[in-house]
Each structure stands twice: as C-alpha cells, then as structure tokens.
Amino acid sequence: MNEKHAPDTPDIPDIFLKPYDPAEHEDALYNTWEESGFFNPDVCIEKGVTAADAEPFSIVLPPPNVTGTLHMGHASMLAVEDILVRYNRMQGKRTLWLPGTDSAALATQSKVEGIIYKKEKKRRHEIGREELLKRIDTFAEASKDTIIGQTKKLGSSLDWSRYAFTLDETRYAAVMEAFVRMYDKDLIYRGARSVNWDPNLQTTVSDDEVDYVEQGDPFYYFKYGPFTIGTVRPETKFGDKYVVMHPDDERYKEYMHGQQIEVEWINGPITATIIKDEAADPEMGSGVMTITPWHSAVDFEIAERHGLDKEQVIDERGCLLPIAGEFAGQHIKKARAAIIERMQEKGLVEKIDEAYVHKVATNSRGGGTIEPQIKEQWFIDVNKEFIMGPSEISGVSESDTVTLKSLMRTVVDNGQIDILPERFMRVYKHWVDNLHDWCISRQIWYGHRIPAWFKDGEVKVQITSPGDGWKQDSDTLDTWFSSGLWTMSTLGWPEETDDFKTYHPTTVLETGYDILPFWVARMILMSTCLTGQIPFKNVYFHGLVRDEKGKKMSKSLGNISDPLDMIEKYGADATRLSLIVGAAPGNDIPLSENKVRAYKKFANKLWNISRFTLTNIIDADFTQKPTHSDRDKEILDTLRSTVAEISDDIENFNLYLAAEKAYHYVWHDLADKVLEESKPVLNGDDTEATYARQYVLRECLVTSLKMLHPFMPYVTETIWQQLPKELKESEHELLMVTKWPSK
RNA sequence: GAGCGAUUAGCUCAGCUGGUAGAGCGCUACAUUGACAUUGUAGAGGUCACAGGUUCAAGUCCUGUAUCGCUCACCA
C-alpha cells in the first residue's frame with residue numbers, strides 16, 4: 001500500500017476542510033437538479049435512468065393557497081412527499097410529483113378585499129367585478145411566485161413543467177366539464193334551501209367552513225300566549241307564528257296539532273298555530289319553542305316536514321325587513337335592545353338569564369357571524385341514485401345503481417383506498433354517513449363561474465352561452481369543487497391524456513388530517529363519479545406542526561415559525577429531518593429549534609464521515625475484489641440489513657422510523673464503531689486487510705449517501721459530487737437518479 | 001351530547017402482531033485538537049396515569065375510572 005495521507009492532503013477536495021455550510025451549496029444544487037430535467041419522468045426515460053415501462057409512482061401536491069406564504073405545515077408535507085418521491089425515483093419507478101397552487105376563491109378574495117378596504121376604504125361593489133378580479137390576479141401571481149420559491153428551497157423534486165393552477169385554462173375547462181356532466185346526471189340541482197349566509201362577505205359558505213365560537217349573550221324568556229319560549233335572538237322572532245312542542249309532552253296534551261290560538265306578540269296580536277314535532281326537546285326549558293324557518297336550518301326542516309310558511313325577517317345585509325314593523329330597516333345588532341325594551345313594556349319578558357353561554361356560527365374564512373337564510377343555490381345531491389358509467393372500482397360495475405355516498409363508502413370499505421393512520425378510516429366513514437347535500441355556489445367573484453344561463457325564467461346548463469339574451473349565473477363555485485377534481489384535472493382530464501392514463505389513480509395522497517372532509521372525501525366523490533376510478537390508492541395523513549409547547553401555530557397567536565428562517569439558519573436538510581423524525585403518521589409534530597439544530601449537526605457529522613472515508617480510500621485502486629475478514633463481512637451485513645429495514649419502513653410510510661434508523665446507523669454504528677475500529681486497520685501493515693477495509697468503507701459511504709438522500713438530499717448530493725470520478729460514473733453523475741441500494 | 005386520541009426518563013416522543021423498559025435533547029463525570037465550529041466513553045434518571053381482568057408472561061390485549069386534547073353535532 002502507498003503512504004498514508006494526512007488529513008490536509010491536497011488529494012481530497014478542499015471543500016471538506018471546513019464544516020458543511022448548507023447555504024453555500026443548496027441553491028446551486030437545486031438548479032443543477034432542475035436543469036438536469038430529472039424531476040420530469042419523461043426526461044428520466046429519455047436519458048435512460050428509468051425504464052419506459054417501469055411501474056408508475058405519482059403524487060399530486062396538495063396545492064397551497066395563493067393567500068400568502070408557506071408555513072411549517074407545508075414544509076412537513078413537502079418533506080414527506082419528497083422523501084417518498086426521491087425514494088421511488090431511485091427505485092427506478094416512473095415517478096411524477098406534480099406541483100400546483102390553489103386559487104382558494106373565498107379565502108383569497110376576502111383577503112384582497114381586506115387589503116383594499118384598509119388602504120382605500122372601498123368595498124367590492126365600488127371597485128367592480130373586473131377591476132377586483134384584476135387585483136386579485138396580481139396578488140395571486142405574486143403570492144404564487146413566493147410559494148414556488150419557498151417550495152424549491154426545501155429541495156422538493158417537483159416536475160415544474162407540469163405546474164397547474166386551479167384557475168388556469170386547463171383546470172377551468174375541467175371544472176366546467178365536471179359541472180355540466182354532474183348536472184346532466186341530475187347530481188347537481190338548484191333549490192331554495194337553508195344556507196349559511198355571511199352578511200359581511202355577502203356569500204354563502206359550506207357547513208364545513210363554519211366555525212362555532214363560544215360567546216356569552218343574554219337568554220330571554222318570553223310569554224307567548226299561554227307558553228314560555230326562550231331565545232337569544234329576539235330580533236328573529238317577528239314572524240314566529242308556529243309554536244312547536246313534542247307530541248308526547250304531557251304538559252301540553254290539551255293542545256292539538258294544527259290548533260290556532262291568539263297571542264299578543266311584539267307588534268300586536270297574531271294567530272299562532274300549534275305544531276307537534278319530535279324536534280322539540282321536552283327537557284329543554286319549557287319544552288316549547290317558536291320557529292323561524294328562514295333563519296334557522298333546524299326550523300327550516302321542521303317547516304318542511306309540516307309544509308309551513310317561511311318568511312324572511314332579516315335581509316342579506318343583516319337589517320330587519322318590513323315584517324318587523326317599526327323596527328324595519330334597523331340592523332339586527334342595534335335593534336335587539338329596542339325590541340327587548342318593547343317586550344318589557346308589554347310585559348312579555350318573563351326573565352333574562354344574563355350568564356348564558358352558547359356557540360355562535362362564524363365564517364372561518366375571515367368573515368363575520370353567519371346568518372342562516374333561505375336562498376336559491378346550487379347543490380350536489382349526495383343521495384340521488386344514478387347509473388354508474390364505466391367503472392374500475394371493485395364492487396361497482398358499469399350500469400349499477402349507485403349514489404355518491406355509496407361510492408364514497410365502497411372504495412374505502414373494500415380497501416381500495418387505504419387510509420393511514422387507520423383511525424382516520426373511522427373518521428372518514430363517520431363523515432360520509434353524516435354527509436348532507438353540498439352547497440356549491442358562492443356569491444363571490446373570484447373563482448370558477450357557474451356554467452348556468454338564465455333567460456325568462458328558463459335555465460340552461462352548458463359551457464358556452466346558449467345565445468342572445470341568456471345571462472350567465474353571476475355566482476362562482478365553492479373552491480373545493482375544483483379542488484375535488486385536482487388529481488384528475490392536473491393530469492389532463494377530461495382529455496384522455498397519456499399522463500392521465502399513466503398516473504391516475506395516483507399512488508399516494510399525502511396531506512394534513514384537518515382537511516379530510518374538505519378535500520380528501522371530495523376528491524373521492526368527484527373521481528369515482530366522473531371517471532369510475534379512485535383518485536389515489538393510499539392516503540397518508542401527517543400531523544399538524546405545533547410549536548414547542550404543543551400549541552397550534554396560528555397567525556393570531558403569533559407563534560408561527562417560518563420554514564425559510566430555519567433553512568437559512570440550519571439548512572433545508574436539517575429542517576426536513578426535524579419534521580420527519582418523531583412524526584408518526586397522524587401525530588402532531590412539536591417543533592423546537594433545538595431539534596433542527598441537532599440535525600444540522602448530523603449533516604456535519606456525515607460531512608466529516610465522508611471526509612475521513614475519502615481521505616483513507618483515495619489512494620486505493622478498487623478494481624480487485626478483496627478478501628474480506630469476518631468483521632468486514634459483518635459490517636457489510638449490518639449495512640445491508642439497515643438498508644432493508646429502511647426500505648421497508650419507507651414503503652410502509654413509516655418515515656419517522658426510517659429516518660431515525662438511518663440517523664442511528666450512520667452516527668452510532670458507522671461513525672462510532674466502524675470508523676473508529678478501522679483506524680488501526682487502515683494504518684496497519686497488512687496491505688490485504690487495509691485494502692479490504694477500504695473497500696468496505698467505500699461501500700458504507702456510498703450506500704449511506706444513497707440511503708440518506710431522500711431525507712437529506714442536499715448534503716448527500718454535495719458529498720456525492722466530491723466522490724472520485726470513476727465511482728460516480730459507475731453509478732450516475734447525480735445521486736438523485738442513482739439506483740437505490742438493493743436489499 | 002357523540003366519536004376519536006393521548007397519558008412511558010427533567011423535556012419531546014418511539015416502543016409494529018405480548019417475552020428483562022428505548023431514542024433525541026438536557027444533566028453528571030472522565031477523555032480528546034481528533035475525520036468532527038467538537039466529538040467519544042461511562043453514568044444518573046421510569047411502580048410505563050389509576051383499578052380490575054385474560055395469560056406461564058402485559059406499556060403492549062380486554063373492561064372500567066381519572067385527567068388532558070382534538071373532531072363532529074345540538075343548544076328554541
């Protein structure tokens with residue numbers, strides 16, 4: 001053997017003479033990857049790193065909203081997905097990870113409206129539809145650029161050539177097509193129903209977008225003829241002419257269903273009708289209530305059951321209508337006190353409970369208090385039976401009679417879609433079973449305009465105008481309508497594209513468990529209904545990233561940590577690892593800066609392991625197969641079994657275990673044991689043993705780099721670039737497309 | 001009100017189909033200028049929330065209790 005090299009030998013790259021500095025390498029490396037084209041599976045096939053008939057692996061990125069910037073939750077999502085994608089790409093699969101952003105209609109419009117109002121004190125109607133849309137587009141465009149930049153910083157190996165935006169031309173067309181097809185199947189209908197109306201944003205919102213916020217309000221007991229009724233909302237009571245009680249309530253058995261009585265009410269005497277309905281809870285208060293069908297979903301249902309009149313009391317802006325008599329025109333917030341005063345004068349107030357706490361419906365998308373209203377809206381009917389088209393769903397054949405609900409149940413019940421962690425399967429089923437018709441129209445401007453046309457009371461649903469005099473519905477679609485089509489529309493549906501044929505159903509959907517109902521369920525609904533395919537084979541829910549105290553990160557709490565800060569301080573690799581280790585599927589991830597720092601040290605450890613190894617093998621000629629000692633074989637065995645375990649863990653989505661094992665192996669096995677005990681061997685006189693050990697160390701280094709690459713792409717690729725030329729060439733110039741070590 | 005989850009070292013959490021309690025961070029002692037803007041070696045620290053049960057054997061399976069958290073629904 002030749003003479004040994006000192007650590008400062010000129011033969012190993014100078015780069016190793018100082019600690020690993022992520023900032024120095026990351027951006028350039030990302031550019032190298034991107035320019036190589038290997039993020040795109042077509043290029044991988046072209047350049048021979050992937051077989052043209054290899055098994056496909058696809059993930060469509062859950063598109064971040066164009067409302068702002070990425071947070072740690074996005075970072076954790078990107079880390080998980082990039083690990084899966086890089087692993088499968090190295091496995092030689094045709095691997096596609098498709099990026100995009102979401103217009104997030106209501107959230108974005110309300111954000112931009114807010115900005116405009118703050119600066120110019122102008123409301124949307126003063127600005128006009130076209131101008132507002134222009135401004136939202138400008139905002140969305142800027143936000144989109146920020147998001148893409150941040151996504152790249154994390155090392156995400158997304159195929160940017162396939163980038164999609166929910167409002168771009170292809171996606172818009174898909175949404176229109178989906179609407180028309182579902183309308184034609186009678187799955188979309190228009191009807192007057194009780195909906196959640198936001199008087200601030202002047203739009204409906206879906207049930208899932210309503211947050212119930214606890215609030216204290218006085219609870220009033222009023223005399224209503226012979227009865228006592230209670231309410232927190234006296235301003236809705238003007239039109240209450242039905243009094244409801246449970247049919248079995250003994251206290252009121254003298255009153256008959258349909259019986260009419262005269263009662264003195266806010267603005268004078270009215271005729272009230274007795275209604276017996278099981279919705280009235282005898283245990284609650286007096287067991288008697290009056291109803292306001294126009295402004296309560298529950299009351300609406302009671303009124304529907306008995307065919308009762310429904311009258312609007314409050315208008316869309318929250319002001320009282322003429323039915324309120326002298327209170328008409330007043331805003332409900334102001335009117336309440338005056339109404340109570342009047343009731344007291346009339347002696348109709350029995351008592352007031354000041355300490356009453358209840359939950360008030362508010363719009364989670366930054367709006368105000370929800371006022372239920374009956375409005376003519378578009379709905380998706382989840383219980384309507386229809387004839388299934390061509391089907392690849394097991395258990396469902398073409399021309400079977402199905403409902404959207406039954407489809408949604410079937411694909412999960414029969415295991416075609418696997419949900420991880422398992423407990424969310426139960427949450428999903430529970431949600432599907434309780435699903436109501438989905439109100440999909442919104443009275444906002446930013447979004448996909450509903451392809452419905454009106455003329456003289458007639459309605460036509462089609463993509464282009466039916467002709468002169470037809471006016472398009474001014475409403476837009478709920479943002480989740482287009483999101484529900486995401487796996488399909490990004491791959492080119494409704495066209496029969498190669499992408500769609502190859503990559504749909506997608507392999508994995510990876511997202512936060514908080515959007516199971518909004519998104520996951522709706523993609524299943526849309527895809528099964530419109531394509532007869534499931535949208536994805538596996539659902540992997542990651543937890544929510546919380547601060548070190550376990551609190552949810554939110555703007556209002558001001559405890560948001562910015563992934564970019566972490567990347568700047570500790571590098572993208574360390575940031576990624578800190579979001580993976582300890583993050584079992586579905587478990588929330590408490591993130592502390594200490595944790596990120598610890599993984600930065602690990603990157604540096606790997607750096608030094610590489611430096612040591614390269615220094616000690618640089619003079620060896622690896623053309624000969626060495627004769628291994630028993631210990632050599634043992635070291636290689638451990639390496640192989642580690643690779644096998646890690647591969648299994650990744651395939652089972654146990655990334656947290658895989659990352660931890662890789663970390664443990666590299667630091668506490670390879671570095672602490674193997675390298676330490678190799679020092680005397682490498683410096684010994686037995687050239688045969690030295691060579692054999694050099695061979696082993698090279699193997700350990702190369703394999704460790706591959707094994708760690710999905711988790712820490714930057715530092716591993718940086719080191720890979722420093723490996724001797726012949727070593728890289730026997731594999732590939734870029735680590736990201738070398739083959740994963742075989743088990 | 002219903003459902004789901006958690007309870008294991010000072011902190012954050014692993015512990016998959018039951019077989020002598022683990023990791024990271026922190027702490028203590030010693031060593032080390034070394035491949036390492038340090039690292040290594042050793043160590044302290046746990047009745048695995050509580051009570052029953054199944055079993056040769058229970059953090060692990062079953063039942064119940066307590067506390068905390070989340071989700072959904074209702075609240076006239």
Side-chain angles (χ1 to χ4, degrees), chain A residues 5-8 12 16-21 207-208 212 214 219-222 224 227-234 236-237 240 242-245 279-281 283-292 296-299 302 356-361 421-427 429-431 433-434 513-514 516-517 543-544 546 548-552 577-578 581-584 586-616 648-649 652 654 656-657 660-661 663-664 667-668 671-673 675-676 678-679 682:
Chain A
H5 288 278
D8 58 350
I12 75 145
F16 285 114
L17 295 179
K18 43 179 198 164
Y20 175 64
D21 177 11
D207 292 348
D208 298 308
Y212 291 89
E214 213 161 80
F219 190 88
Y220 305 98
Y221 292 89
F222 295 142
Y224 188 86
F227 308 109
T228 299
I229 60 152
T231 186
V232 273
R233 304 202 53 200
T236 64
K237 296 283 140 192
D240 286 15
Y242 299 107
V243 54
V244 184
M245 58 210 67
D281 181 359
E283 307 290 316
M284 186 85 87
S286 61
V288 177
M289 63 180 177
T290 59
I291 56 168
T292 315
S296 156
V298 177
D299 294 0
I302 297 171
Y356 186 73
V357 176
H358 66 140
K359 284 181 183 164
V360 177
E422 216 177 323
R423 67 172 187 273
F424 286 107
M425 202 111 62
R426 290 191 285 276
V427 177
K429 289 176 185 174
H430 184 255
W431 187 84
D433 291 343
N434 291 300
Y513 62 76
D514 52 332
L516 186 154
L544 305 181
R546 296 173 181 274
E548 60 262 83
K549 288 172 207 139
K551 283 242 161 64
K552 202 166 173 171
L577 261 191
S578 71
V581 177
N587 282 10
D588 290 348
I589 310 156
L591 183 71
S592 67
E593 200 164 328
N594 249 344
K595 196 171 170 189
V596 189
R597 193 182 297 124
Y599 292 112
K600 182 188 175 164
K601 281 201 217 161
F602 178 56
N604 194 52
K605 185 76 183 179
L606 182 65
W607 187 252
N608 281 294
I609 289 166
S610 306
R611 172 181 170 182
F612 175 85
T613 307
L614 288 175
T615 308
N616 283 288
D648 286 345
D649 284 337
N652 292 318
N654 286 322
Y656 68 113
L657 295 179
E660 214 174 282
K661 275 177 195 161
Y663 175 93
H664 196 266
W667 197 314
H668 299 297
D672 290 353
K673 298 203 179 83
L675 259 43
E676 287 305 324
S678 294
K679 285 174 184 173
L682 294 165

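Basis for what follows: all heavy atoms, side chains included, without hydrogens, waters or symmetry-related copies.
A syn orientation is assigned to B:G59, its glycosidic angle lying within 90° of 0. In this structure, B:A37 shows a glycosidic angle within 90 degrees of zero, which is the syn conformation.
Look at the C1' atom in both B:G26 and B:U12: the space between them is 11 Å, to the nearest Å. B:C48 and B:U7 have their C1' atoms separated by 10 Å, with the value rounded to a whole Å. Of the P atoms belonging to B:A37 and B:A9, the separation is 34 Å, rounded to the nearest Å. B:G69 and B:C62: their P atoms are spaced 25 Å apart (whole Å). Separating the P atom of B:C56 from that of B:U47 is a span of 28 Å, rounded to the nearest Å. Here the separation of B:U20 from B:C27, taken at their P atoms, is 32 Å to the nearest Å. Separation of the P atoms belonging to B:C13 and B:A49 is 15 Å when rounded to the nearest angstrom. B:A23 and B:G45: their C1' atoms are spaced 15 Å apart (whole Å).
Annotation for A:Trp607 and A:Lys18: closest pair NE1-O, 2.9 Å, computed over non-hydrogen atoms. Across all their heavy atoms, A:Gly287 and A:Ala280 have their closest contact at O-CB, 4.1 Å. A:His668 and A:Lys673 get closest at one heavy-atom pair: O-NZ, 3.5 Å. Among all heavy-atom pairs drawn from A:Phe16 and A:Ser610, the shortest one is CE2-CB, 4.1 Å.
The separation between A:Glu660 atom CD and B:C13 atom C1' is 9 Å, rounded to whole Å. Taking atom CH2 of A:Trp607 as the reference point, atom P of B:U39 lies 17 Å away to the nearest angstrom. The distance between atom OH of A:Tyr656 and atom P of B:U12, rounded to the nearest whole Å, is 19 Å. Taking atom CZ on A:Arg423 and atom P on B:C16, their separation rounds to 15 Å, with Å as the unit. Remark: C1' of B:A35 and NZ of A:Lys601 are 17 Å apart, rounded to the nearest angstrom. A:Lys595 has its NZ atom 9 Å from the C1' atom of B:G24, to the nearest Å. In this entry the distance linking CG of A:Leu657 with P of B:U17 reads 13 Å, nearest Å. Remark: C1' of B:A14 and CG of A:Asp649 are 12 Å apart, rounded to the nearest angstrom.
Side chain of A:Asn608 to backbone of A:Asn604: a donor-acceptor contact under 3.5 angstrom is found.
A heavy-atom distance below 4.5 Å is not found between the side chains of A:Phe219 and A:His358. Between A:Tyr224 and A:Phe222, every side-chain heavy-atom pair lies at or beyond the 4.5 Å cut-off. The side-chain heavy atoms of A:Tyr599 and A:Val581, taken from C-beta on, include a pair separated by under 4.5 Å.
Distance from the side chain of A:Pro19 is smallest for B:A37 among the nucleotides B:A37, B:C4, B:A35. You'll find that the side chain of A:Asn604 is closest to B:A37, out of B:G15, B:A37, B:A35. Ranking B:G24, B:A37, B:U39 by closeness to the A:Lys605 side chain, first place goes to B:U39.
Between atom CD of residue A:Glu676 and atom CZ of residue A:Phe612 there is a gap of 7.5 Å, rounded to the nearest 0.5 Å.
Among the atoms of the strands shown, none is found under 4.0 Å from any heavy atom of A:Ala279.
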Give me, pair by pair, the N or O atoms of the protein and of nucleotides 72-75 of chain B that are less than 3.5 Å apart, along with how far apart they are.
unit_1 : atom_1 : unit_2   : atom_2 : d
B:C75  : O2'    : A:Tyr356 : OH     : 3.2

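Using cut-offs of 30° and 60° on the angle between ring planes, the pair A:Tyr663 and A:Trp667 is tilted.
Within the 4.0 Å cut-off from OP1 or OP2 of B:G24, at least one side-chain nitrogen or oxygen of A:His668 is found.
Side-chain atoms of A:Lys18 stay outside donor-acceptor range of the base of B:A37, with no qualifying N/O pair under 3.5 Å.
Positionally, the nearest nucleotide of RNA chain B for A:Val427 lies more toward the 5' end than for the other of A:Val427 and A:Ile229.
The strand RNA chain B forms stems, runs of 3 or more Watson-Crick or G-U wobble pairs with distances below 3.5 Å, at B:1-7 with B:66-72, B:10-13 with B:22-25, B:27-31 with B:39-43, B:49-53 with B:61-65.
Not counting sequence neighbours, the partners of A:Lys237 by the side chain to side chain contact (heavy atoms under 4.5 Å, CB included) test are A:Ile229, A:Thr231, A:Asp240, A:Trp265, A:Ile266, A:Thr290, A:Thr292.
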